[in-house]
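Order of the sequence lines sets the chain letters (A, B, ...), proteins ahead of strands, with each chain counted from 1.
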Protein chains: 2
Amino acid sequence: MAPPESLVERLRRRTDWRLTAQRRVVAEAFEGAHVHLTAEEVLDRARHRMPEISLATVYNTLNELVALGELQPLQSGRGRPRYDPNTAQRHDHLVCLGCGAIHDVHARGRVELPQAERFGHEVVAHETIFKGYCPRCRRDR
Amino acid sequence: MAPPESLVERLRRRTDWRLTAQRRVVAEAFEGAHVHLTAEEVLDRARHRMPEISLATVYNTLNELVALGELQPLQSGRGRPRYDPNTAQRHDHLVCLGCGAIHDVHARGRVELPQAERFGHEVVAHETIFKGYCPRCRRDR
DNA sequence: TCTATATTTAGAATCGTTCTAAAATCAGGC
DNA sequence: GCCTGATTTTAGAACGATTCTAAATATAGA
């Protein structure tokens, strides 16, 4: 699978949203694969490149990116929400029930929701969450 | 499909956890199908039967039931966590992106996670989340 | 009934997030 | 290059949800 275009790259192309210095360091926090950060982790990473950035700006930016469809909020299990920059490609998630770590995965097979089970909903997407224990948490049990 | 045993019924059988009057009214809040309540909704329903029950007890009880595996916390989309009493039967969820309502459903088909995508995890469960718009929210768009 | 343990409770404390209003920055027109 | 209005950032206050604390109550078992 070709590596997806990065969040910063996608944002650079947008004309409806200014990519300021602060917004760029927030977006750059999401570089890499399997990156699903909490707001606090984004602040940590952003401060690394721009120590004076404020918490309010991090929250503002995360909320704007969600509204633009450039970040998907993930609420897996316990704890605060995490943000997934991989919005361009359909994918599934593997979450560790021990430590909460999340990997992007692609399930094999196909599922669909029969009409009788839709309760009148218009279904627009689906995602499968696999739950388990990562090597480290498996050892600690 | 046979209706699953209710939460209260399951709790009655436990010997490791006292089913006090307060805990019973909390558990009774989850009677019915497609019931996925927030803590606040549980408090409302519990007060109906026991007006003097405290918020702290509701939170205590919800957390204990999650630890016992009798409730599954759901974090669908935005908003506070909801609790699902249907832990005995594998099932999937259909969530409305407009209002956040959740239905229990059973997907048709089969998915699995290839070994190469497991990153060393021991996979113990999976769940598919279908996202869409309920009849009411579809109309409001 | 007595005693030790478990449970409940009100209210304070904490935590994550949003709000507010002032300061800083920026784009476009001169 | 400088104004000017609009946008963005910011510190700190405010807020809402949840957890904590420590005292009161209820319970099980002797």
**OP:** Between C:dT7, C:dT17, D:dT18, spot the one nearest the side chain of A:Y59, thanks.
**Re:** C:dT17
Original post:
Any donor-acceptor pair under 3.5 Å linking the side chain of B:R118 with the backbone of B:L113?
Top reply: yes
Subject >> Nucleotide D:dT18, atom P - distance to CD of B:E41 in whole Å >> reply: 11 Å
Original post:
For A:T57 and D:dT10, is the shortest distance between a side-chain N/O and OP1 or OP2 below 4.0 Å?
Top reply: yes
Original post:
Just to confirm, is there a sub-4.0 Å distance from OP1 or OP2 of D:dT19 to any side-chain nitrogen or oxygen of B:N63?
Top reply: yes
**OP:** Show your reasoning for whether side-chain hydrogen bond (donor to acceptor under 3.5 Å, both in side chains) applies to B:H91 and B:D84.
**Re:** CA-CA 11 Å; B:H91 63 283; B:D84 185 349; 2.9 Å; yes
**OP:** Whole angstrom is fine here: how far is it from CG in B:D44 over to P in D:dA17?
**Re:** 12 Å
Original post:
What is the distance from CE of A:M50 to C1' of C:dA24, rounded to the nearest Å?
Top reply: 13 Å
Original post:
Among D:dA11, C:dG16, D:dT19, which nucleotide sits nearest the side chain of A:S54?
Top reply: D:dA11
**OP:** Mark yes or no for whether A:E31, through its side chain, and A:E28, through its backbone, hold a donor-acceptor pair below 3.5 Å.
**Re:** no
Subject >> Nucleotide C:dA10, atom P - distance to CD1 of B:I53 in whole Å >> reply: 10 Å
**OP:** Measure the distance from CG on B:L62 to P on D:dC20 and round it to the nearest whole Å.
**Re:** 15 Å
**OP:** Scan A:E52 against the nucleic acid and name what it touches under 4.0 Å (heavy atoms): base, sugar-phosphate only, or nothing.
**Re:** sugar-phosphate
Original post:
CZ of A:R24 versus P of D:dT9: gap in Å, rounded?
Top reply: 11 Å
Original post:
Of the nucleotides C:dT8, C:dT17, D:dT18, which one has an atom closest to the side chain of B:P81?
Top reply: D:dT18
**OP:** Let me know the distance between CG of A:D16 and P of D:dT8, rounded to the nearest Å.
**Re:** 11 Å
Original post:
Hey, what's the ring geometry for A:H121 with B:H103, parallel, tilted or perpendicular (30° and 60° as the breaks)?
Top reply: perpendicular
Original post:
Atom CG of A:N60 and atom C1' of C:dT17: how far apart are they, to the nearest Å?
Top reply: 11 Å
Original post:
Which nucleotide in the list C:dT17, C:dT8, D:dA11 gets nearest to the side chain of A:A56?
Top reply: D:dA11
Subject >> OP1 or OP2 of C:dT25 under 4.0 Å from side-chain N/O of A:Q22 >> reply: no
Subject >> A:T20 side-chain N/O to C:dC26 phosphate OP1/OP2 under 4.0 Å >> reply: no
Subject >> Nearest-nucleotide pick for A:R80, side chain only, options being C:dT9, C:dT7, C:dG16 >> reply: C:dG16
**OP:** Look at the side chain of B:R82 and the backbone N and O of B:H36, then say whether any donor-acceptor pair between them is shorter than 3.5 Å.
**Re:** yes
**OP:** Output the single nucleotide from C:dA10, C:dC26, D:dA11 whose closest atom is nearest the side chain of A:R18.
**Re:** C:dC26
Original post:
Between B:W17 and B:L55, who's closer to the 5' end of DNA chain C by nearest nucleotide?
Top reply: B:W17
